[in-house]
Amino acid sequence: MSQDLAPLYTPHIATLRERANKALALGGFDHLLVAASTPLRKFLDDQDYPFVANPHFRHWLPLTDAPGSWVVYTPGNKPKLIFVQPRDYWHVVPAAPSGYWVDQFDITIVRTVAEATAALPKGKRAVIAPNCPEIEGVEANNPQVVLDYLHWHRSYKTPYELELMRAASRAGTRAHRAAEKAFRAGESEFGIHMAYLAAARQIDAELPYASIVGLNEHGAVLHYTNFDRTPPKQSRSFLIDAGASAAGYASDITRTYAAAGHAEFQALIDSVEKAQLGFAAKVQAGQSYPELHIHAHHVLADVLREHGVIRMSAESAVQSGVTATFFPHGLGHPIGLQVHDVAGFQANESGGSIPRPEGHPYLRMTRVLEPGMVVTIEPGLYFIDMLLDELRSKPAASEIDWAKVDAFRPYGGIRIEDDVVCTTTAPENLTRDAFAKVS
Ligand code: GLY
Ligand code: MN
Ligand code: MN
């Protein structure tokens with residue numbers, strides 16, 4: 001892969017330098033200092049939580065395991081990497097820098113975090129780092145004007161970033177195939193998860209988010225993160241929301257399956273999938289994402305009606321909040337260096353916030369789509385006891401076929417999620433393209 005990345009990486013760094021020049025000028029800063037950050041220590045313990053490098057650091061470099069290191073950029077100069085390579089026989093020491101990216105940096109190797117901070121330039125510094133854990137010897141200031149500018153522009157992925165997101169999608173879809181196979185073989189949620197990790201060739205800590213692996217009713221828990229060790233007597237349905245990472249970039253993929261012989265639930269899955277593909281096709285420049293989300297409510301209302309779950313019109317199902325019972329989350333979110341990427345609500349490069357449409361508190365993206373943005377498209381229909389109980393006491397309850405609801409409850413729910421790039425022409429569906437490539 002690195003062969004292909006080399007020609008993309010040089011212009012990527014040129015773009016980041018331009019953005020940093022502007023962001024620093026806006027805040028009147030001389031230097032941009034980006035900490036990889038250091039691991040967070042567990043309370044009253046000598047163990048750390050898994051290390052996750054600052055996404056701003058990963059934007060510059062494909063280094064996900066470089067605690068204590070820094071990227072230093074001073075406009076007009078080549079970016080610097082201050083790389084911590086400790087003298088340590090207890091842990092694996094990060095390998096000396098090598099690969100397609102090293103030519104773009106002046107690299108200084110130091111032995112300790114303290115030596116790294118001592119090597120940082122003085123002057124007016126924008127220090128992008130977490131406040132916790134504090135890095136001794138340097139104070140993070142995370143200037144809002146700098147962050148706003150950088151976050152806004154992080155929405156527009158460079159060709160280099162898109163290539164890494166394709167790789168993350170390939171790893172994810174390869175693992176999804178293995179998970180489906182494990183489900184069809186009658187594995188437990190735990191067993192399916194193990195098959196997923198093995199096929200992704202990633203450990204849990206390397207994944208961009210905690211996988212959701214739910215059999216039967218567990219599909220109705222939106223963020224179900226238990227892993228039952230024993231399989232249920234009968235596996236009727238399977239919802240898996242799981243991604244993979246590539247050099248710090250994320251994929252976020254959901255599929256839902258029905259076991260053989262469960263034709264009615266399979267038909268509902270097919271309808272949600274058809275709707276989902278329609279929404280993905282609308283990832284086009286100029287499309288308002290919140291309008292697409294509202295459109296999804298109408299289309300899903302029609303799906304519920306076609307399958308006999310509701311008797312009312314799509315319009316009144318949306319108006320009365322009935323669709324929110326069955327589709328109680330947002331249509332999707334920006335994705336990139338973080339699974340829920342930055343700037344989903346940002347009004348412009350100076351900050352600001354675009355509010356969510358009223359009555360849609362969980363939508364994570366309120367912007368108009370533009371070329372270079374990558375968003376997820378993840379509609380769902382669920383049979384969630386808590387929300388169904390609330391619906392039972394509303395006037396709209398008479399428009400629901402409760403016997404049909406009861407027939408679907410043992411299947412939990414359906415979500416289908418792809419990662420889609422907005423381009424100047426047709427959308428690029430990273431997930432579908434990757435599934436097409438795995439056997
Ligand atoms: N996997 C988290 C999400 O879909 O947003
Ligand atoms: Mn998602
Ligand atoms: Mn997801």
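Numbering of ligands and ligand atoms starts at 1, following listing order.
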*N/O/S atom of Asp252 under 2.8 Å from the Mn ion (ligand 2), yes or no?*
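Yes, since at least one N, O or S atom of Asp252 sits under 2.8 Å from the Mn ion (ligand 2).
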
*So, His340 and the Mn ion (ligand 2): N/O/S under 2.8 Å, yes or no?*
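His340 does not place any N, O or S atom closer than 2.8 Å to the Mn ion (ligand 2).
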
*Quick check: does Arg415 get an N/O under 3.5 Å from an N/O on ligand 1?*
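No; every N/O pair is 3.5 Å or more apart.
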
*Is His223 in polar range of ligand 1, meaning some N or O pair under 3.5 Å apart?*
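No - when backbone and side-chain N and O of His223 are compared with those of ligand 1, no distance drops under 3.5 Å.
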
*Let me see the working for Leu381 and Phe408 under side chain to side chain contact (heavy atoms under 4.5 Å, CB included), right down to the final yes or no.*
CA-CA 10 Å; Leu381 286 179; Phe408 280 127; over 6 Å; no

*Part of Thr254 within contact of ligand 1 (heavy atoms, under 4.0 Å)*: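 Neither; no heavy atom under 4.0 Å.
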
*How close does the nearest protein non-hydrogen atom get to atom 3 (C) of ligand 1, and which residue and atom is it?*
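Minimum-distance protein heavy atom for atom 3 (C) of ligand 1 reads Asp252 OD2, 3.3 Å.
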
*Measure the distance from atom 5 (O) of ligand 1 to every protein heavy atom, then report the residue, atom name and distance (to 0.1 Å) of the closest one.*
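Nearest neighbour among protein heavy atoms for atom 5 (O) of ligand 1, to 0.1 Å: His340 NE2, 2.7 Å.
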
*Decide whether Asp418 and Gln276 meet the rule of one side-chain donor and one side-chain acceptor closer than 3.5 Å.*
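Yes, a side-chain donor-acceptor pair sits under 3.5 Å.
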
*Are side-chain N/O atoms of Tyr382 and His329 paired as donor and acceptor at under 3.5 Å?*
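Judged by distance alone, the side chains do pair up.
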
*Take the angle between the ring planes of Phe265 and Tyr411 and call it parallel below 30°, perpendicular above 60°, tilted in between.*
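Phe265 vs Tyr411 ring planes: parallel.
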
*Should the ring pair Tyr149 and His153 be called parallel, tilted or perpendicular, given that the plane angle runs from 0 to 90° and is split at 30 and 60?*
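Correct class here is tilted.
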
*Atom name, Glu378 (N, O or S, nearest to the Mn ion (ligand 2))*: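 Of the nitrogen, oxygen and sulfur atoms in Glu378, the Mn ion (ligand 2) lies nearest to OE2.
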
*Output yes when Arg166 and Asp433 qualify as a salt bridge under the 4.0 Å nitrogen-oxygen rule, no when they do not.*
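A salt bridge is absent here (no side-chain N lies under 4.0 Å from a carboxylate O).
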
*Is the closest basic N to carboxylate O distance between Glu349 and Arg19 below 4.0 Å?*
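Salt bridge between Glu349 and Arg19, a charged N being under 4.0 Å from a carboxylate O: no.
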
_Suppose I only count heavy atoms of Glu417 and a 4.0 Å limit; which atoms of ligand 1 are within that range?_
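Reading through ligand 1 atom by atom, the close ones are 4 (O).
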
*Which N, O or S atom of Glu417 lies nearest to the Mn ion (ligand 3), by name*: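 For Glu417, the N, O or S atom at the smallest distance from the Mn ion (ligand 3) is OE1.
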
